[in-house]
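Report on the following structure.
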Amino acid sequence: QVQLVESGGGLVQAGGSLRLSCAVSGRTISSSAMGWFRQAPEKEREFVAAISWSGGATYYADSVKGRFTISRDNAKNTVYLQMNSLEPEDTAVYYCTATYKYYISRAESAYDYWGQGTQVTVSS
């Protein structure tokens with residue numbers, strides 16, 4: 001059974017940084033594309049970033065491009081989301097996700113496995 005556990009969320013002031021981690025157990029991520037999505041209160045879940053199984057390709061939502069960086073360490077079965085220059089609009093629950101069916105994807109429907117989420121709150 002594949003399990004994803006996010007960590008690293010918290011409360012930060014606008015302009016600050018956080019690094020989210022997603023530890024995967026039950027299956028190696030070396031053949032999976034990984035992604036991060038987020039859901040703000042009363043809003044639909046939205047794509048944030050994705051990375052191919054090799055790390056050679058990345059996608060970002062326009063709203064986070066230049067501020068967030070997704071990376072992975074296949075040896076540790078972990079994916080990261082470095083978030084810099086945080087804004088109050090980044091406040092959301094952040095979810096880690098994995099798919100073994102696609103090289104990389106922005107589509108929520110492409111992903112098979114999801115973590116429980118970690119709260120990120122950015123104060124102004």
Apply the test side chain to side chain donor-acceptor pair (under 3.5 Å) to residues Y94 and R38: give CA-CA distance (whole Å), side-chain angles for both, the deciding distance (0.1 Å), then the verdict. CA-CA 4 Å; Y94 283 71; R38 67 185 182 186; 2.9 Å; yes
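The cluster map of Ile, Leu, Val, Met, Phe, Trp and Tyr, joined by side-chain heavy atoms under 4.5 Å apart, puts M83 and W36 in the same cluster.
A cation-pi arrangement is not found for R72 relative to W53, the charged atom failing to lie both closer than 6.0 Å to the ring centre and inside a 45° cone about the ring normal.
Under a 3.5 Å cut-off, the side chain of S105 and the backbone N or O of Y102 do not form any donor-acceptor pair. Formation of a donor-acceptor pair under 3.5 Å by the T99 side chain with backbone atoms of Y111 is not found in this model. Between the E6 side chain and the C22 main chain, no donor and acceptor come within less than 3.5 Å of each other. Counting only distance, with no hydrogens or angles, the side chain of E46 and the backbone of F37 share no donor-acceptor pair below 3.5 Å. D73 places a side-chain N or O within donor-acceptor distance of the main-chain N or O of K76, the cut-off being under 3.5 Å.
Within the structure, side chain to side chain donor-acceptor pair (under 3.5 Å) pairs that include any residue of residues 16-29 comprise S17-N84, T28-S30 (at least two apart or interchain).
The number of heavy atoms from other shown groups lying within 6.0 Å of CD (Q39) is above 12. The 12-atom threshold is exceeded at NZ of K101, counting heavy atoms of other residues, nucleotides or ligands nearer than 6.0 Å.
Taking OG1 of T78 as the reference point, atom CG of L20 lies at 12.5 Å (rounded to 0.5 Å). Expressed to the nearest 0.5 Å, how far CD1 of I104 lies from OG1 of T58 amounts to 6.5 Å.
Just one of N74, L4, I70, T97 meets the side chain to side chain contact (heavy atoms under 4.5 Å, CB included) condition when paired with V79; it is I70.
Between Y100 and Y113, the two ring planes are perpendicular [angle over 60°; tilted spans 30° to 60°].
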